[in-house]
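In the text below, chain A, chain B and the rest are named by the order of the sequence lines, each starting its count at 1. As the structure is a computational prediction, the values presented were derived from the model and not from experiment. The figures here come from the full heavy-atom set of this structure, side chains too, leaving out hydrogens, waters and symmetry mates.
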Amino acid sequence: MGRGYFFGGKMAAKHDADYKASDLYRIRHSAAHVMAEAVLEKFPEAKIAIGPPIADGFYYDFDLPRSLTPEDLEEIEGRMKEIIKGKFPFTREEISAEDAKKLFADQPYKLELIEGLEKGGLDEYGNPTDEKPIISTYKLDHFVDLCRGPHVANTGAINPNAIKLMNVSGAYWRGDEKRPMLQRIYGTAWEKPTELKDYLWKLEEAKKRDHRKLGKELDLYSINDEVGQGLILWHPKGAKIRKIIENFWSEEHEKSGYDFVYTPHIGKSQLWETSGHLGFYNENMYSPIDIEGTKYYIKPMNCPFHLYIYKSNTRSYRDLPIRYAEEGTVYRYERSGVLHGLTRVRGFTQDDAHHFCRPDQMPAEIDFVVEFSLSILRAFGFKDFQAYLSTKPEKSVGDPQLWHDAEEALEASLKRHNLPYEVDPGGGAFYGPKIDFKVNDAIGREWQLSTIQFDFNEPERFNISYIGEDGQSYRPYMIHRALLGSLERFFGVLIEHYGGAFPIWLAPIQAEIIPIADRHVDYANTIGAKLREQGMRVHVDSRSDRMNAKIRDAQNQKVPYMLVLGDQEMENNAVALRKRSGENLGAISLEALLTLWKGEVAEKV
RNA sequence: GCCCUCAUAGCUCAGUUGGCAGAGCGCAGUCUUGGUAAGACUGAGGUCAUGGGUUCAAAUCUCAUUGAGGGCUCCA
């Protein structure tokens, strides 16, 4: 999530088709070839792999005699620009597999791709395809590449001032960690230099919003080496925001018919055998703890506990639906290379819930949970959503009819809510279909948060049931869902979404009280106490710094309100309000301030 | 886990061919008492990530370990 592509994330299928037909796609694809020619000139012994266009540019993978340096990239980029100015045509040629093999005799990666094409079923990037394989090459200046195209007519169609090589990194051949590690050069290319400039500006903007940077600057959280990788320390300000999120979350759940439960952090190995996690989730679980000769595991999931709460009593069809919600803290082993700030961690708290319902309630239950998810996410300022529906994979458990009904209910609900969605056929977990929601943040990046998943596995394994109207025992539907995903990841996304300038209802400090001189500190404390009594989160800056410095600090801390207090305010029993927008509202009464504040908190702005 | 890069004060970073550890911010103290984005001075603060090696001498060269960053892979 958020990796690999800076913006746009994974593109929706229909957009993908548009993109592939676009001039930009040709430009990027062609730029990749130009780059390969430049690299081969510099390293004639280089082995070349593949070089496709991607969301914001292109890359090409090489097997090189040495690691590339930033200076190499500059040199290659410079040479690319020269090649582009040569206006060399791209000429396509269709050739036989034998000829292709001769042509690429000293290029082992290309030979492997040709074999894939020859056998059929794989395209020139080694991805599965149904198309009849035609082997074609594109020639550019001295460089001939195995390629399906399309390309620009000649390199003159590439604007040399709208391309830039970004970075070099390792990448496995064919994405397989058992195959050789190649060097991948990433580049970006646009039609116009202004578009390149905009893109680079956006990257800068994204850097400024990076939750790891803001987390430090705003003193929200930290990760400490000695504590451990991927484990979050929530500082007071971060914890305050979390508490507000949790309170809001609890109230909304309470109103919507959820019951809250609490469950332990460890459970016996038997529990995880029953649930099946020791089988299919083992590699994400930590080693067991021995307690009096019995093995206990730290929980990677909350569901087995919720199932036992369900099972603690005989359930009637009248009891359903049952909705158990818990902010459950789980620990999962993630490989060290994948950890990332707050968004990918080893210990996190899911805003988890499990729904149990009758078959006849299932479509309504799905509708409810979709609606509920959206209303929660909207409260945090997210407006655009993209839904992904993942259906039955080949290997699965559960009655195909149940799968079908569930998939239909999920899709129907997406349609009813007018949500843009994309189907990932066969992309579901083995135990049930699911919907994932991604949100677009303030600068258009996509983040995965909510997930709604059917489970046809655990109800069987735990043998849960309810008694129907006819006195017979039936198996309920079980749905897992997390709306925010995890509080850690959600917090990270929120920080980036708001760029650290949290709306007033979430701001850990809502007002910084700034006495102008020491003789105003008592008055500031009095005002502070009054506001605090009303529930406003205020802080009095009683340092002997100048007012300007205090305003600057409050501004950098992105505090929504700054209340400046001097002689005039003391005389009139008022406060001078400055907002972090820079707007100076002048002196207003406490009553006026409280009214404004209450309004803004209620509107969540 | 893999490839590349990196690790110096609480933070952001300098530190030349190996030769006494530096700045700004922050913090503490003193002065200043101010009107909407940085007032002045003084001071404290470091086992240069950790452990080996080379050298008369290592922050600097080298190896290993740990951690971080950009990717790959992974994220039922």
Exercise. Counting only Watson-Crick or G-U wobble pairs whose two distances fall under 3.5 Å, which nucleotide matches B:U33?
Worked result: none

Exercise. What about the rings of A:F58 and A:H29, do their centers lie closer together than 6.0 Å?
Worked result: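 No: the rings miss the under 6.0 Å criterion.
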
Exercise. Between A:Y308 and A:Y310, does the ring centre distance come in under 6.0 Å?
Worked result: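 Between A:Y310 and A:Y308, which both carry aromatic rings, the centre distance is not below 6.0 Å.
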
At a cut-off of 3.5 Å, list every protein nitrogen or oxygen paired with a nitrogen or oxygen from nucleotides 62-68 of chain B, distance to 0.1 Å.
| unit_1 | atom_1 | unit_2 | atom_2 | d |
| --- | --- | --- | --- | --- |
| B:G67 | OP1 | A:Q229 | OE1 | 3.0 |
| B:G67 | O2' | A:D225 | OD1 | 2.9 |
| B:G67 | O2' | A:D225 | OD2 | 3.4 |
| B:A68 | OP2 | A:Q229 | NE2 | 2.5 |

Taking N or O atoms only and anything under 3.5 Å, show me the protein contacts with nucleotides 42-45 of chain B, one pair per line.
none

For this session: Output all residues satisfying side chain to side chain donor-acceptor pair (under 3.5 Å) with A:E488, sequence neighbours left out; order by chain, then residue number.
Result: none

Seminar exercise, completed: Ranking A:H277 and A:A517 by the position along RNA chain B of their nearest nucleotide, the one closer to 5' is A:A517

Exercise. With nearest nucleotides of RNA chain B determined for A:N284 and A:R552 from heavy-atom distances, which residue corresponds to the more 5′ nucleotide?
Worked result: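 Closest to the 5' end, via its nearest nucleotide, is A:R552.
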
Exercise. Between A:H480 and A:Y431, how do the two ring planes meet: parallel, tilted or perpendicular, split at 30° and 60°?
Worked result: tilted

Exercise. Looking across every strand, which nucleic acid part, if any, lies under 4.0 Å from A:G337 by heavy atom: base, sugar-phosphate, or nothing?
Worked result: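 Base, at least one base atom sits under 4.0 Å.
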
Exercise. Looking at RNA chain B, which of residues 554-571 of chain A put a heavy atom within less than 4.0 Å of it?
Worked result: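 Within residues 554-571 of chain A, the residues near RNA chain B are A:Q555, A:N556, A:V564, A:G566, A:D567, A:Q568, A:E569.
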
Below 3.5 Å between N/O atoms, which protein atoms pair up with nucleotides 10-12 of chain B? Just atom names and distances, please.
| unit_1 | atom_1 | unit_2 | atom_2 | d |
| --- | --- | --- | --- | --- |
| B:U12 | OP1 | A:K216 | NZ | 3.1 |

Exercise. Considering all heavy atoms of both residues, which atom of A:W403 and which atom of A:A429 are nearest to each other, and what is their separation?
Worked result: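 Taking A:W403 first and A:A429 second, the nearest heavy atoms are CH2-O, 3.2 Å.
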
Nucleotide nearest [X] (side chain, heavy atoms from C-beta), chosen from [options]:
X	options	answer
A:S169	B:U73, B:G35, B:G70	B:G70
A:A576	B:C72, B:G35, B:A38	B:G35
A:M181	B:A37, B:U73, B:C3	B:C3

Exercise. If you draw the axis of the six-membered ring of A:Y561, does the NZ or CZ of A:K579 fall within 45° of it and under 6.0 Å from the ring centre?
Worked result: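 Ring-cation test returns no.
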
For this session: If a pair satisfies salt bridge (charged side-chain N to carboxylate O under 4.0 Å, His left out) and one of its residues is in residues 327-341 of chain A, list it, with sequence neighbours excluded.
Result: A:E177-A:R335, A:E334-A:R344

